[in-house]
*Asks:* 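My structure is below; once you've seen it, I'll send some questions.
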Amino acid sequence: MNGPKSGNVYRDIFEQSPIGLMIFDRQGKIIEANDSSLRFLRAGRDKIIGLSYSNLKDTRVSSLIGKGLSGEASDYEGPYNTTVSGLLLQVRIRVNPLFDDSGIFGVTLIFEDLTERKKTEEKLAVTLSDIRIAQEALEEHEVKFKTLFESAGEAIFLMDDRIFLECNPKTEEMFGCKREDIIGASPVDFSPEMQPDGLPSSRKAFEKIQAAFAGKPQTFDWVHCRKDRTNFDAEVTLTSVTLNGKALLQAIVRDISERKKAEEEIRKLNEDLEQKVVLRTEELKATNTYLENTNKDLLTALDELKSTQAQLVQSEKMAVLGQLIAGIAHEVNTPLGAIISSNEGIQSVFRQDWEKLLCEFADLDAQERESWKKIFTKGSIFPDFYDSSEERKNRKIIRETLQNLGFPSSEFLSENLAELGIRIEDIPELVRDIHKDKFPTLVANAYNLSGILRYSNVVREAASKAARVIRALKTYVYQDHTGISLIDIREQMDLVLTLYYNKVKQGVEIRRNFADNSLVKGQADQLTQVWANLINNAFQAISYQGRLDLESSIKDNYLIVSVTDDGPGVPKEIQDRIFEPFFTTKEKGEGSGLGLDICKKIVERHQGKMDFDSSPGKTTFRVYLPLAEKF
């Protein structure tokens, strides 16, 4: 595949195919139709594209498409009433479902217009009828019969139940021999030992001859031999005739080698086209999905970051966020760095000689493509990470295995295979029937092209991680300040912990134990501030090293939310002052002393209460809020 237009080859095959090709989407609407299908249907593209299978006039064909959408391939040959042009055609139809990772996403419809062929067959039947009439009048019209017999365009035999008794000149031409080679010979003498269906020619010939003698004319495909033992495909018609009071058989043989060859070429073209369409569709869909999701997540993350920056100084909640901002920036910058790095990796693939990569792929045979596909699939997913010593060991084993199998081994080849996640047990299947000199090119090609999906996976995961942090930050800052709503305490706790993740991920064990019903009614932003203050105080009390228990339980129609730390505790002498305004145990500049006072007032406005108990090694703050259904 060379030249700048090589990328259009599959589309050109689709458009220029002599058979009709259509593609339906998963809703059953026509989204593609080639020129051959439009000519067969005598309809314009504007009348076909968008047409639903449920609106087709012919219910037999719409039923086949419906089966295809449920995953069942099917065939049909017979009359078809067109929907747009209102014609009655004779067609052969094949319906195949299209699959991707999510399941069925559409069907292909392949059909051939058999109208002219059927007319030809009808004409042929008339011709055969004329021949039979001429045979019945043979004694009266011998001269006419002889002229017809000798000038016929098909090979004609007269035979009894065993041997040929007479043949016309066309027979000598078709079988490459003289009349004396044929007369007295058996049909089996001009047939291979076995027919294509695996049955002996002698057995099948006997069955056909007996059926024809029984008054049942036989028309069937047959493989014949010429005198030089070369085979050709033929269509044979056997008819019982009576000559001079004796029952004989008339055999008419037509050479259909060219028709068979054309049908086989069309079949192979259809199979190749279907495979290429499915593969190309899957590749494009996967690539587009990853790129669209990545761009969408990046744009969302940037919009949310701008919105968050504009609000940072607008609320007293920024006192808590100020302590967390470095950790939040780290949580966002880390995935953004991964996104930038992975995007550079994707672009590097396209900065290379990507046309050369596509041409290399096009040159692979079927077995090589199967091996390429397995390597590509492995390389599309990041392998589990392992330490460098294990990686070196795996690379060494792969290199030695390739050498033992007689394949050229290099550090670069074994390094590529190891990085793609290929294990030693995968090697025999990958190299089976692969040319030894071509394997390194095959691996390099799969490695480079699969890199697009590997980097896309990194972008997707990194964008998802950044989005989670941004969503938590946005929810914390932009919750409804006035409206009363139904609130799940578990979700609010998770939101606050997300903001603290970078500070506590290494040194704090967090245990959750929430009641199934943890719903209350209230102002979301105010209650979030309560949990943020209590959790922040607990983290500071244990210096971000220790254990934090978050629990909820139900008692007397109240939801009791507890925040417990295993820090040094609140000294007994100041416990009575803990809720006083401006009272703080923190270092100067670290706290205003208003946090717990504000929390208590918020809880009381929600018709609840707040208390605590503390001793060395355990401090628990409890918030009592009315359950939602009793609010």
Side-chain angles (χ1 to χ4, degrees), residues 120-197 199-260:
T120 302
E121 291 175 350
E122 291 174 359
K123 291 178 181 179
L124 181 59
V126 172
T127 301
L128 293 176
S129 177
D130 293 339
I131 292 174
R132 286 194 294 271
I133 293 174
Q135 290 174 333
E136 292 172 355
L138 180 61
E139 293 180 356
E140 182 179 356
H141 304 285
E142 182 64 25
V143 175
K144 292 182 180 180
F145 172 78
K146 184 176 181 180
T147 301
L148 174 63
F149 184 77
E150 294 183 347
S151 62
E154 294 89 10
I156 302 177
F157 298 91
L158 285 178
M159 59 180 293
D160 57 18
D161 59 349
R162 295 182 300 107
I163 61 173
F164 295 125
L165 304 175
E166 187 58 271
C167 67
N168 67 348
K170 184 66 177 179
T171 304
E172 301 178 62
E173 176 188 338
M174 187 177 296
F175 286 83
C177 59
K178 298 296 183 180
R179 180 176 179 277
E180 52 266 26
D181 296 324
I182 299 173
I183 303 305
S186 166
V188 177
D189 295 333
F190 291 92
S191 304
E193 182 179 355
M194 307 294 288
Q195 288 297 308
D197 59 4
L199 294 177
S201 296
S202 57
R203 173 182 166 186
K204 290 196 67 174
F206 176 80
E207 292 174 352
K208 298 294 185 183
I209 291 172
Q210 294 304 311
F213 270 122
K216 299 177 182 178
Q218 303 289 302
T219 298
F220 51 92
D221 289 351
W222 190 263
V223 175
H224 268 303
C225 290
R226 301 181 182 90
K227 183 178 180 180
D228 61 4
R229 305 311 293 171
T230 58
N231 294 343
F232 67 94
D233 292 297
E235 183 180 81
V236 179
T237 299
L238 296 180
T239 307
S240 176
V241 297
T242 301
L243 293 178
N244 298 323
K246 183 178 180 180
L248 299 176
L249 284 184
Q250 173 186 269
I252 300 176
V253 180
R254 302 172 189 84
D255 188 338
I256 59 171
S257 299
E258 290 302 318
R259 191 188 85 187
K260 286 286 187 179

*Asks:* Rounded to the nearest 0.5 Å, what's the gap from CD1 on Ile163 to CD1 on Ile182? Could you check?
*Replies:*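 These two atoms lie 13.0 Å from each other.
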*Asks:* Specify the closest pair of heavy atoms between Gly176 and Lys227, including all atoms of both residues, with the distance to one decimal.
*Replies:*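 Closest heavy-atom pair between Gly176 and Lys227: O-CB, 3.4 Å.
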*Asks:* Does CD belonging to Glu180 count more than 12 external heavy atoms closer than 6.0 Å?
*Replies:* yes
*Asks:* Heavy atoms, side chains only, cut-off 4.5 Å: are Leu249 and Ser240 in contact?
*Replies:*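 In short, these two side chains touch, coming nearer than 4.5 Å.
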*Asks:* Consider only side-chain N and O atoms of Ser186 and Asp189, and report whether a donor and an acceptor are under 3.5 Å apart.
*Replies:*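 Absent: no donor and acceptor within the cut-off.
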*Asks:* Which atom pair, heavy atoms only, marks the closest approach of Gly215 to Pro217?
*Replies:* O-CD, 3.3 Å
*Asks:* Can you find a heavy atom in the side chain of Asp233 that is under 4.5 Å from one in the side chain of Asp255?
*Replies:* no
*Asks:* Between the side chain of Asn168 and the main-chain N/O of Ile156, is any donor-acceptor distance below 3.5 Å?
*Replies:*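 Yes.
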*Asks:* Under the rule for side chain to side chain donor-acceptor pair (under 3.5 Å), what residues qualify as partners of Gln210, not counting sequence neighbours?
*Replies:*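 Counting only residues at least two positions away or on another chain, Gln210 forms no side chain to side chain donor-acceptor pair (under 3.5 Å).
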*Asks:* Verify side chain to side chain contact (heavy atoms under 4.5 Å, CB included) between Glu154 and Thr237, making sure each step is shown before the conclusion.
*Replies:* CA-CA 11 Å; Glu154 294 89 10; Thr237 299; over 6 Å; no
*Asks:* Calculate, to the nearest 0.5 Å, the distance between atoms CG and CD belonging to Asn231 and Gln195 respectively.
*Replies:*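 With rounding to 0.5 Å, CG (Asn231) is 8.5 Å from CD (Gln195).
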*Asks:* Keeping Ser201 on the side-chain end and Pro192 on the backbone end, is there a donor-acceptor pair under 3.5 Å?
*Replies:* yes
*Asks:* Can you check whether Val253 reaches Trp222 side chain to side chain, under 4.5 Å on heavy atoms?
*Replies:* no
*Asks:* State whether the number of non-hydrogen atoms from other residues, nucleotides or ligands found under 6.0 Å of Arg203 atom CZ is greater than 12.
*Replies:*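 At most 12 heavy atoms, drawn from other residues, nucleotides or ligands, come within 6.0 Å of this atom.
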*Asks:* Determine whether Met159 and Ile209 make a side-chain contact, defined as any pair of heavy atoms from C-beta on separated by less than 4.5 Å.
*Replies:* yes
*Asks:* Minimum heavy-atom separation for Pro187 to Arg162, with atom names?
*Replies:*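 Smallest heavy-atom distance, with atoms named: CD-O, 3.5 Å.
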*Asks:* Do Lys204 and Glu207 meet the salt-bridge criterion of a basic N to acidic O distance under 4.0 Å?
*Replies:* no
*Asks:* Going by heavy atoms in the side chains, are Arg259 and Glu235 under 4.5 Å from each other?
*Replies:*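 They are in side-chain contact.
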*Asks:* For Leu238 and Ala251, which heavy atoms make the closest approach, and how far apart are they?
*Replies:* CD2-CB, 3.5 Å
*Asks:* Are the side chains of Glu172 and Cys177 in contact, using a 4.5 Å heavy-atom criterion?
*Replies:* no
*Asks:* Would you call the rings of Phe175 and Phe190 parallel, tilted or perpendicular if under 30° counts as parallel and over 60° as perpendicular?
*Replies:*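 Geometry flag for Phe190 against Phe175: perpendicular rings.
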*Asks:* Tell me whether Phe206 at atom CZ has more than 12 heavy atoms from other residues, nucleotides or ligands lying less than 6.0 Å away.
*Replies:* no
*Asks:* How long is the gap from CZ on Arg254 to OG1 on Thr219, to the nearest 0.5 Å?
*Replies:* 7.0 Å
*Asks:* If you look at every heavy atom in Phe232 and Ser257, which pair is closest and at what distance?
*Replies:* CB-OG, 3.4 Å
*Asks:* Got a second to check how far Thr239's OG1 is from Leu248's CG, nearest 0.5 Å?
*Replies:*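 Separation between the atoms: 12.5 Å.
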*Asks:* Going by heavy atoms in the side chains, are Glu166 and Arg179 under 4.5 Å from each other?
*Replies:* yes
*Asks:* Would you call Leu165 and Asp160 a side-chain contact if the rule is heavy atoms closer than 4.5 Å?
*Replies:* yes
